[in-house]
Structures are given as C-alpha cells and as structure tokens.
Engineer: 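Attaching a single structure in structure tokens format; questions to follow.
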Amino acid sequence: FAVGGSNRVLYVFVGNGSSTTPQIPATVKWNTSESLTQIGTTVTFSGYRFTLWRLINPTATTSTVDIVWSASQDERLVIAQSVKDCDQITPNGTVAQAGPTASTAATVNANSNSGDLVLDGVFFGDDLGLSLTLTAGGSQASRQEIEGAATVFEGLGSSTLTASGASTTMSWTISGTPTSWAMFAFATNGSGVNNAIFYYKA
C-alpha cells in the first residue's frame with residue numbers, strides 16, 4: 001500500500017494462530033529492508049499470538065509489509081496503518097493493553113491529550129470457528145477489519161478516535177463469545193501540536 005505525508009510512522013498489528021507452535025513474528029519489514037520494532041507486550045492465549053510493531057520514518061513509497069515466522073502458522077492476520085504529522089522522537093504514548101479475556105465486549109483505556117489521534121487494534125481467537133464479526137464502538141472510525149467469512153477462527157480490527165481528554169476508551173463488540181480477545185491502544189503524538197492524522201491502511 002502507499003505510505004506518504006511528512007513525519008510518518010507505520011504501525012502494524014499482527015495476529016496469528018497455530019494449534020501446535022503459535023509464535024510471534026521473527027521479522028516484520030517495510031519496503032523489503034526496513035525493520036519494524038515490536039512495541040507493547042506479546043499477548044498469548046490458547047494457540048494465538050497478538051503483537052504490535054512500529055517503524056518511525058518509513059520510506060514514502062508504495063510497497064508491502066512483509067512478515068516472517070520461524071515456523072509455519074495456521075492463520076496470519078495483518079493490518080498496517082501509516083500515520084503522518086507524528087513526532088519523530090516519541091511518536092506515541094504508552095501502549096495500553098487488555099486481555100486475554102473471553103467475552104463479547106472488548107475494551108481498553110489509553111492515556112491521551114485532547115486532540116490526540118488514538119489508534120487501536122483488537123484480535124480474537126475462536127476455537128469453534130464460528131466466523132465471528134467485529135463492530136467498532138462509540139464514535140470510533142473503523143479503519144480495517146478482517147473477520148467473518150475472511151477467517152473463521154480469528155478476527156482482527158483497527159480503528160481511530162480523536163481524544164477529548166486525558167483518557168480515551170476504545171471498544172469493540174464481537175458477535176459471539178470467542179476463546180479470548182486482546183487489545184492494544186495508544187495516542188499518537190503530533191509534531192508540534194497534538195494533531196496526528198490517520199493517513200493510510202492496508
């Protein structure tokens with residue numbers, strides 16, 4: 001997909017599952033050679049892994065995010081989002097995490113300042129293979145969802161919301177009760193002021 005704009009930061013949410021050897025990615029790269037760094041803590045539950053990756057100042061081009069695991073995984077779900085107008089030293093605040101939890105409601109609270117762009121990712125694993133779907137909560141703008149017929153055992157979604165205060169709640173509704181879900185959410189830091197803007201997704 002295309003990454004552009006000034007003061008860019010690329011974020012990648014990765015969810016994967018394996019009945020035998022669920023692993024986190026060995027490498028996540030942009031444009032063949034630019035390595036992303038994992039931020040936040042790996043969420044592990046019942047044969048599934050959920051991780052978050054970041055690259056500050058990715059090359060502005062049309063290319064791919066390439067992910068390699070050291071062992072074959074049964075399913076692999078990826079959402080990449082590029083944000084522009086981000087501070088290049090500290091592009092985001094603390095990554096808030098929630099889960100793993102088995103319920104139809106997924107939620108996490110991220111520290112923020114009014115005007116920040118808050119970005120989230122939610123991942124669920126469903127051992128029953130019910131093709132569950134996701135609905136972004138409140139005023140959140142759903143940016144990408146992989147769910148339902150696209151993948152019967154997992155789902156991955158990402159959304160954004162402009163913060164109105166010091167704490168921003170990000171939430172999703174799952175159409176049924178999965179084995180477990182997990183979430184990441186964080187506020188992006190604008191360059192100069194808190195005005196980071198969602199740029200693109202894939």
Side-chain angles (χ1 to χ4, degrees), residues 1-15 36-41 43 50-58 77-124 132-147 155-175 178 180-202:
F1 71 114
V3 167
S6 301
N7 297 312
R8 302 172 299 278
V9 181
L10 177 63
Y11 295 96
V12 177
F13 298 97
V14 182
L36 282 75
T37 300
Q38 186 180 355
I39 61 175
T41 302
V43 181
F50 186 35
T51 52
L52 171 61
W53 302 76
R54 182 184 71 188
L55 176 61
I56 300 172
N57 194 29
L77 283 65
V78 179
I79 294 178
Q81 303 215 58
S82 176
V83 178
K84 65 179 183 178
D85 300 335
C86 261
D87 184 272
Q88 297 290 281
I89 304 300
T90 309
N92 57 267
T94 301
V95 176
Q97 299 182 207
T101 301
S103 67
T104 60
T107 185
V108 66
N109 296 319
N111 293 333
S112 59
N113 296 301
S114 183
D116 284 350
L117 183 76
V118 179
L119 178 62
D120 79 347
V122 60
F123 172 66
F124 68 78
L132 301 178
T133 58
L134 292 161
T135 302
S139 304
Q140 293 161 220
S142 175
R143 299 300 184 177
Q144 188 77 14
E145 297 174 17
I146 308 170
E147 61 192 337
L156 179 64
S158 183
S159 70
T160 57
L161 179 66
T162 300
S164 59
S167 179
T168 300
T169 299
M170 305 295 282
S171 65
W172 291 79
T173 299
I174 305 169
S175 62
S180 282
W181 58 260
M183 285 185 70
F184 295 114
F186 52 90
T188 55
N189 296 327
S191 52
V193 294
N194 297 314
N195 64 347
I197 301 169
F198 171 79
Y199 190 75
Y200 207 79
K201 66 173 182 287

Engineer: Counting C-beta onward and ignoring hydrogens, is there a side-chain heavy-atom pair between Asn92 and Val83 closer than 4.5 Å?
Structural biologist: no

Engineer: Going by side chain to side chain contact (heavy atoms under 4.5 Å, CB included), name the residues that satisfy it together with Glu145, two or more places apart in sequence or in a different chain.
Structural biologist: Leu134, Ser142, Glu147, Trp172

Engineer: Got a sec, which residues hit ring pair (Phe, Tyr, Trp, His ring centres under 6.0 Å) with Phe13, two or more places apart in sequence or on another chain?
Structural biologist: none

Engineer: If I compare all heavy atoms of Ser159 with all of Gln140, which pair ends up nearest, and what's the gap?
Structural biologist: OG-NE2, 2.9 Å

Engineer: If you measure from OG on Ser158 to OH on Tyr11, what distance do you get to the nearest 0.5 Å?
Structural biologist: 11.5 Å

Engineer: Which heavy atom in Ile174 sits nearest to a heavy atom in Pro178, and how many Å separate them?
Structural biologist: CD1-CG, 3.9 Å

Engineer: So do the side chains of Phe123 and Val43 get within less than 4.5 Å of each other, counting heavy atoms only?
Structural biologist: no

Engineer: Under the side chain to side chain contact (heavy atoms under 4.5 Å, CB included) rule, collect the residues that match up with Ala163, sequence neighbours excluded.
Structural biologist: Ser112, Asp116, Val118, Thr168

Engineer: Between Val12 and Val14, which heavy-atom pair has the shortest distance, and what is it?
Structural biologist: CG1-CG2, 3.7 Å

Engineer: Ser139: what forms a side chain to side chain contact (heavy atoms under 4.5 Å, CB included) with it, not counting sequence neighbours?
Structural biologist: Leu161

Engineer: Please examine the side chains of Trp53 and Thr51, heavy atoms only from C-beta on, and report whether any two atoms are closer than 4.5 Å.
Structural biologist: yes

Engineer: Check Met170 against Ala185 and note the closest heavy-atom contact, atom names and distance.
Structural biologist: CG-CB, 4.1 Å

Engineer: What pair of heavy atoms forms the shortest contact from Asn7 to Gln88, and how long is it?
Structural biologist: C-NE2, 3.2 Å

Engineer: Could you state the interatomic distance from CZ (Phe186) to CG (Leu117), rounded to the nearest 0.5 Å?
Structural biologist: 9.0 Å

Engineer: What's the separation between atom OG1 in Thr90 and atom CG in Asn189, rounded to the nearest 0.5 Å?
Structural biologist: 6.5 Å

Engineer: For Pro91 and Arg54, work out which heavy atoms get closest and say how close.
Structural biologist: CG-NH1, 3.7 Å

Engineer: If you look only at distance, which donor and acceptor atoms sit under 3.5 Å apart when one is on a side chain in residues 94-101 and the other is two or more places apart or in another chain?
Structural biologist:
from  : atom 1 : to    : atom 2 : distance (Å)
Gln97 : OE1    : Thr41 : N      : 2.5
Gln97 : NE2    : Thr41 : O      : 3.1

Engineer: Calculate, to the nearest 0.5 Å, the distance between atoms CZ and CD1 belonging to Arg8 and Ile56 respectively.
Structural biologist: 12.0 Å

Engineer: According to side chain to side chain contact (heavy atoms under 4.5 Å, CB included), who are the partners of Thr169, at least two apart in sequence or on a separate chain?
Structural biologist: Thr107, Asn109

